[in-house]
Amino acid sequence: YDEMSTTCGDASTLFVAANFTDAPTDNGVYKSSDWGNTCVKLTGGEWPTSAVTLNDLAISPQYREGTGDTTLYAATSVGLFRWDAGSVNWVNLQPENGTAVYRIGLPPTFSRLGAGNSKTLFVADRNNVFFNTDIGNGTWTATGYKSEACTSISTVTGFAFPGNWGTKGTLRIFVSNSSTLCGTIDTSLGDAPWSVWAKVNDGLPAANIGASGIAAEPDFDENTTQRRLICATPSGPYWGTFDASVNKAGWKRAASFPAL
């Protein structure tokens, strides 16, 4: 939802991925259509009947009620699921045969009804980053993230993408992870299958400090001055301006923010 736009989204519609310590069978994705006053759990289709843990929730940037794109993705302890309000069902996408999925990466140009790169999405389990080029249907392919960026078991904590991802030739991905063994921020070099990666840790207090998330400014375009990133670390938030020619961001601590 964009409050500055008269055509983007619905301010009264909210989604929440919820885990309940005292009632794990109630864990799930909840939808509110009245500003959060009431919520309904989204069930049906191939959603598990036993308790699962919700790790992440992603909403299609093109989500519109009453259209052909009402797509959600839920990362859970037993895999990845896709919701489509049109069919009122969850579909089990099984990127890794029931393995837990921890993070979902939807580029800002993702569209269920689009063509080409616009249908591509990414997920991360404990071992690697995977991609699919057809909204989750069919084959999932491993990127080179594990062999190139992080050879030990780690947890990816976030994805970030250029605002014009796939529309002007750039298919770059930024990934943050919490491991103190693998480095904090990595970026892909080149396009699919995203087999080559590089570290982007310059300016951080330690190369392996770990990060709990990363984001790119909405208009990020590595061919302009709009190239700012922010990552959250145990030492606080850090801003950087990415330079694709040397794969560096020149991270600087955002002094006005308290340490996390």
Side-chain angles (χ1 to χ4, degrees), residues 9 13 15-17 27-31 41-50 52-146 156 158-167 169-175 188 190-195:
T13 302
F15 295 97
V16 177
N27 293 355
V29 179
Y30 289 77
K31 177 183 179 180
K41 184 179 180 181
L42 302 181
T43 59
E46 296 175 332
W47 187 260
T49 55
S50 58
V52 298
T53 299
L54 272 291
N55 296 322
D56 198 10
L57 176 66
I59 304 169
S60 170
Q62 303 302 318
Y63 187 105
R64 302 290 185 278
E65 294 286 341
T67 72
D69 193 344
T70 50
T71 310
L72 310 175
Y73 292 93
T76 78
S77 54
V78 295
L80 181 72
F81 296 83
R82 184 183 65 222
W83 169 267
D84 177 22
S87 61
V88 198
N89 272 322
W90 287 102
V91 177
N92 188 346
L93 299 177
Q94 292 285 11
E96 274 257 276
N97 297 320
T99 299
V101 173
Y102 290 90
R103 283 294 179 271
I104 306 163
L106 287 190
T109 52
F110 178 88
S111 172
R112 184 188 184 107
L113 304 178
N117 295 319
S118 66
K119 292 187 174 185
T120 299
L121 69 153
F122 301 83
V123 299
D125 66 7
R126 288 281 192 193
N127 294 304
N128 209 341
V129 172
F130 299 82
F131 71 94
N132 177 282
T133 58
D134 187 20
I135 69 171
N137 298 323
T139 302
W140 288 83
T141 305
T143 69
Y145 178 75
K146 181 178 180 180
V156 168
F159 289 94
F161 304 89
N164 59 354
W165 194 87
T167 63
T170 177
L171 293 170
R172 184 181 296 278
I173 316 163
F174 295 95
V175 172
S188 61
D191 301 339
W194 297 279
S195 57

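Computed from heavy atoms alone, side chains included, the values below leave out hydrogens, waters and symmetry copies.
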Look only at the side chain of [X] and the backbone of [Y], and say whether a donor-acceptor pair between them is shorter than 3.5 Å.
X	Y	value
R172	S188	yes
D56	A75	no
N128	T143	yes

Is the closest side-chain heavy-atom distance between [X] and [Y] below 4.5 Å?
X	Y	value
Y73	V123	no
W83	F15	no
L72	Y63	yes
L113	Q62	no
N117	T109	no
L93	N132	no
V29	F81	no
V156	Y102	no

Which atom pair, heavy atoms only, marks the closest approach of [X] to [Y]?
X	Y	result
P107	P61	O-CG, 3.7 Å
N55	R103	O-NH1, 3.2 Å
L121	I135	CD2-C, 3.5 Å
L171	W194	O-NE1, 2.8 Å
W165	P108	CB-CD, 4.4 Å
D125	A100	CB-O, 3.3 Å

[atom1]/[X] to [atom2]/[Y] distance, rounded to the nearest 0.5 angstrom?
X	Y	atom1	atom2	result
T70	E65	OG1	CD	7.0 Å
Y30	L57	OH	CG	13.0 Å
F110	I104	CZ	CD1	10.5 Å
L106	S111	CG	OG	11.0 Å
D191	I173	CG	CD1	9.5 Å

Next item on the list: Would you sort out whether R82 and N137 count as a side chain to side chain contact (heavy atoms under 4.5 Å, CB included), showing the intermediate values?
Entry: CA-CA 10 Å; R82 184 183 65 222; N137 298 323; 3.1 Å; yes
Next item on the list: State whether a side-chain donor-acceptor pair under 3.5 Å links D84 with T71.
Entry: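 Short answer, no.
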Margin query: Checking R112 against S60: is there a side-chain donor and acceptor pair closer than 3.5 Å?
Written below: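 No, no side-chain donor-acceptor pair sits under 3.5 Å.
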Margin query: Between F122 and F161, is the ring centroid distance below 6.0 Å?
Written below: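 Yes, they do, as the ring centres are separated by less than 6.0 Å.
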